[in-house]
Structure formats: structure tokens, C-alpha cells
Amino acid sequence: MTKNIEKTSPRLNKLVVIGLGLIGASVAKAARERNLAAEVIGLSRRSSTLELALVNGVIDRAEKSFKDLAPELGFGDLVLIGVPTLTVPSVLRDCYELLSESVTLTDVASVKGSIVKSAQNIYGHIPPQLVPGHPIAGSEKSGVNAAISNLFEGHRVILTPVEETAESHFDRVLALWEGVGAAVSRMGVVKHDEILAATSHLPHLLAFSLVDTLAGRSDYQEIIKFAAGGFRDFTRIAASDPIMWRDITLANKESILNILEDVINDFNVLRSAVRDSNEKYLLDVFNHAQHARQRHEKQLKTEEVSLDKAYSFHVCPGGHACAELEIPGDKSISHRSVMLGSLAHGMTEVTGFLEGEDSLATLKVFRDLGVIIEGPAQGRLAIHGAGLHGLKKPSEPLYFGNSGTSMRLLSGILVGQSFDSILEGDASLSKRPMERIVHPLERMGASLSVSKSMTPPISIVGVRTLNAIDYVMPIASAQVKSCILLAGLYAKGITKIYEPAPTRDHTERMLRGFGYKVQTAGQTIILEGGGTLRASRIDIPGDISSAAFFMVAAAITPGSDIWMKNIGVNDTRVGIINILRLMGTQIDLFNCREMAGEPVADIRVRYKRLEGIDIPIGQVPLAIDEFPAIFVAAACANGLTRLAGASELRVKESDRISAMADGLSILGISVLQKDDGIEIMGGQIGSGEIDSHGDHRVAMAFSIAALRATGAIIINDCENVGTSFPNFAQLAQIIGVDIKVGGAS
Ligand code: S3P
């Protein structure tokens, strides 16, 4: 296991870098710029390299002979061996002969086992001064000229001290790497080499080998001419330094051979599957790989985020808020199109599908359940419906990422299956309440369990029959209603659901579109189980919840004029329009029509002075996702805006009352949190650094706030904007918002 280490930062006396290749020279340059050592000395056999290093400001002093330099070195000095892996032993030999035990010694080789082994051979033991290290950073460029002082910023460095390594030497090396901006992890030597064989060495071997094979063909020129992103992405690393990679490959021979063996075996089976047109095997392998890759996508990204802080938004004041914007597809309808399309008989064609992480999570889950879905390609899907009883047992737990809608609705479907399933989510989803669906589903005869805190993961045991129920919903929730309706498809008898207040009715509308009878009588929804769904065509309108950010942008910016065409304006979703109009904004709807059973319109929003209001409680479920944006409008309004009856906001992707209240306070707005709402006194939005708590809508709301801010707003943890609105930043730029993604504090 890796372990993150606390920060320490004693300054070095002399830093000696032996070998001024990309890594060595970059460490030297970074240490010099950051004043991490009293003197940075470069050692190389080549005069030209040393000259360049001096001219480029990489080092303070150049030395050609270690023999001459070594006697000067003592306690507080650090020697970093930056030469290629296979050359390290000869440097270690010099160190053994010439270097005082008090000098700290480290290296940057990509393989650690071979370094430790040669130290053992040369010294007869592992010297306590040796701290083997490996920075996970680089570039395809090499040499002193390629040195960059921020090469290690936000990158990992793995240190692999052994039992003999002295803590004082370890601390000195740790301080150097942290000083140049790296995140240091500690790991065992063997583990390091195994992990690197899998994550770095093997991919390099595959890339070199593929390019070598293709380059040997007479049509290579043509291949390159037509090569698309896949070839470029896959083979980028084949442009790396061949000598370095020869050395690494030989130094980590054993671990590489182990993993290569596995890959070759799998390749052989794959070859047979291709030859025999074994569709099932191919699909299984691709599905499994896709699942594994997507499952860890978040983790891969999170790793980048925590290291590179790449998912912060820096937003500077200003922006005109005049434009015509194309808003991506509705998230709720996108989820449901995949769900019902998969459960229908026949092929459902979808356009306008939202290619955001949440709806893609739903899509992937259905693929894991054996449904064949083509696309998405520019928002188009072709779903080969499996029928209500055609889903297949998944081979692994189903992963829903950040998407509460997917997990809650799918639970309704999965309790009706004959197979068991496990439903998992990311850290935020794993904290969201599930008793709201567990309770009614159990009443229907479903067998499911959640954690003690009534949160995911959800384990579902397949049952043969479900019974219809009459259910009075204690909270107004479209997710709960939809979950029960979907379970109702599998239940014997008539399911009746009473809503305390109207919530979005996309499930009911779409079921009807698929030829399934659903009655709505006042606030009661009635459906009989045992029917069939017939494939349909679904044109998904733009998401009013995404449009909401730009409605608020126009509402708070004098002189604004924003047009958004083709937006879903279902009565159960228009709370944002009603509330902004009550506050004074001029909103006009044109070209009102129906698309696939959903009301749609073109929307024009213009600025008029905003007044604070008491938000009517009936609007709360109709604007449930729009409150982060509405709170920004309230912050720009004249006087007080009050919201009550909205305790559901506390259990969304974040506690949105507290996340917004904290952020607004940081920006100088006066707010008062209530259990079920908030009071916001309009004022001047200032500047500051805000935590979005990983909540996409909080992140976007504060980005829009910058239109009226006096200074820059930095919003951290914005990665999840991709769950609902992947191109938000681009659209924000169109209305003049000066938003930069990445490189926070
Ligand atoms: C949704 C329902 C709402 C909403 C969510 C999407 C849906 O949740 O907040 O973003 O698609 O059914 P609740 O119904 O739990 O309020």
C-alpha cells in the first residue's frame, strides 16, 4: 500500500545532480528557482551539457569529475543520481568509493529492485544514506534543453526506502521532492516494480511494438495519413527515448515478463475469437474492459485532480450575457430513454441524448445488463430493446458514479428481475439516503438491503413476483415515484402512487410514449403491471436545469439578452421560470410545441432589476435542481429572498443549502441557513475561493455569480460539472464569462 507523507522542508546545503537529462536537469532547475539548496551543482561528462545547463540557469556550478567534487560533500548535502537505469551501478560504485556516509543519496530510476540489488552488491549491504526514488513525470523530450522547473508540480514521486534506510536521509529527499511541488508516496521496492511494469513499462512495450509492426509495412505512410485519435493516443509513448526504455525493460525484466505472459495468453485467445467470429467472447472482453476502465475513470481523474488541481474554475468578473446558446439534452429524459428503450421490444432511436457522466452511467449499466446499445454518437443512440424480462445477470457490481437518479430508478427495475445485483456509487452517492425507495419496494415484496446508514451500496436479491401497492409518498420525489412505477411494471396488480406535490412526470409521459397505459388523476398515478413496452423514437429537448444557469446569467447582467432554443418546458420543471419572473426577470417563450410527448419552447431571457421574494412553496419541487442558481439571483436582488420547505436540498449531490450558504458568505453576501431553506439578503458579490463540495450545480452557480462579482472567484472541486453539463465552461465563455479550467490556488 502507498502512504502519503506529511510535509517537511529543511533547506539543503549542496544539491549535486549527476546526469543532466530531462529529469536530473528539471530537478536542478526547480530546486534552484525555489531556493531549495544553497548551491545546485551539475555533474556531467559532457562539457556541452554543462555549458548549456549553466546558460539555461539549470545549475549554479558545473563539475566534470565526481572524484574532485566528492571530498567537499558532507552532512546536509544531497546527491541525486539522474543517469539512465543501467548506468546507475557505475555511479553507485563511485559513491561507494568516494562519498561520505553523511551525504544523502537518491536516484530517479524507473526500476527500484535493480538499484537496490546493485547497492547491495557494491556496498555489501544497503547503505542507510540511500533513498531510492522514482518521479512519475516526464515528457517525450529529453536532454538538458528540455528541462522545465514545473515538471514535477502535481505529479507523484514514489520513494521506496528499505529497512536499512535512515529516516534523516529519507526526510531530506522527501523535502526536496515536496519542495519542487511533487506529491510523495512511500512504497515497497517489489510493489513499485510490479505496479510500474503494469502501468508504464508494458504500455510502452505495446506502443513501441505496434508502431514497429506497422512501420514495417509498405503502406505505413497511408496508415499515418488516415490515423485517427485512437492511433495517436495509443502510440504517443512510442516517441520516447529508446535507450532509456531498453534499460528500463531489462532492469525490470521479471515483473515485465510476468505481465507480458498474461497479455500474450489473452492475445492468443483473442486471435482465435476474431478468427472464429466469436461475437460473444469479443463482446464479453470489450464489455469487461470498458466496465473496468470506466469504473476507474473517476479514480484516474480524481488522481489527476488532486495532483494537478485541474478541475478548479477560475472565473474573473465581467461578461455581457448576450448570445444564442445550444443547451445539451435533458438529463432526466436521457436516463429514462435508455431505461425504457432497454425494457422495450424493438429498436428505440434517441436523439439529443446528454453525453454527460450521469446519463452515460445509466447507459453503461444497461450494457452490463446485456442490452446492446449503439452510440452515443452526437447525441444519437440506437437501443436494441431486450424486453421487460430480457436483462441478463451482471458479472460484477453495477456502478452508478454520481447519479442518484440512475441508482434509484434502476433499483425499481432490478427488484423485478430473477437475478441478484449489487448497486454501487461514488463517494457522494454512497452518502445519499435510500430508505425512501427501500421502504416502498419492500412493501411490494422486493428483497433488498443497504448499509446501516440506509445508504448505498444496495444489494438486491432477485425475486419471482412483486405485488402492486397503494403508496402515499411522504416526500415529493420524482425519483421515488419513478422507482415505484418501474417496479410496478413487474408487479401483479395495480400500483397507485399519491404524490404530496407534483414532481417531474417524464417517466409517466415516456411510458405512454412506449404504449404503456399510465393514468394520472390529480396527484395519483396509476399503472397495472404485466404489460409490454413497444420501442419508440425519442427526441430529447435541451435541459431546463442546465439552461437555468444562463437564465440566471441574463437575470443578473444589465443589458443581457440570451436565447436558448428547444428547451424542455414541462410544467413540472418550470419553477425556475416562474421564480425568476416573480423576481422581475423578463422571460419570453416562443414556438411552444411538443417533442416526443414533452412540451418544448425557445426561451429568451433579458435583464430587469431583480427584487427579493418569498419563494412560493409550491414552486419548490418544480425548481428542485435550480436552487443553487436561484440563490445567486437572490444574492443580486434588491432586498431579502426567503426559501422554506426545501429540506430535500440537504440530501442532493451535496448539502446544497450549506454549500451555497458557505460560498455566498465567502463572497460577502449575508445569508441565514434554516433547516429547510435559507434567507439571502441581496448585496455586492465580492471575490474569494469556494468549495463546490463536488456538486456540479454548486460549481456552475458560482461560475455565473462572477458576472456580477468585484473580483475573481475560484471554485474548487468542479470535476462533476461533467455529470450534467460537460460543455458548461465553453458556453459560459460565449456569454463573456472569463472562466479558466484548472490550476487552482
Ligand atoms: C430527478 C428527480 C429529482 C432531481 C434529480 C433528477 C429525476 O430528484 O433532483 O436531479 O430525474 O427523477 P428527487 O425526485 O429526488 O427530488
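Counting convention: from 1, in listed order, for ligands and their atoms alike. Predicted model, so just to flag it, every value in this text is computed and none were measured.
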* **Asn402 side chain to Asp358 side chain, donor-acceptor N/O pair below 3.5 angstrom** => no
* Could you tell me whether a side-chain N or O of Asn720 sits under 3.5 Å from a main-chain N or O of Thr723, the two making a donor and an acceptor? => no
* Asked: Under a strict 4.0 Å criterion on non-hydrogen atoms, which protein residues are in contact with ligand 1?
  -> Ser332, Arg336, Thr405, Ser477, Ala478, Gln479, Arg504, Ile624, Asp625, Lys652
* Asked: Would you say the side chains of Ser692 and Asp717 form a donor-acceptor pair under 3.5 Å?
  -> no
* Do Ser332 and His506 have a side chain donor and acceptor closer than 3.5 Å? -> no
* Nearest heavy-atom neighbours spanning Thr572 and Arg504 -> OG1-CA, 3.0 Å
* **Parallel, tilted or perpendicular: rings of Phe550 and Phe725 (30°, 60°)** => perpendicular
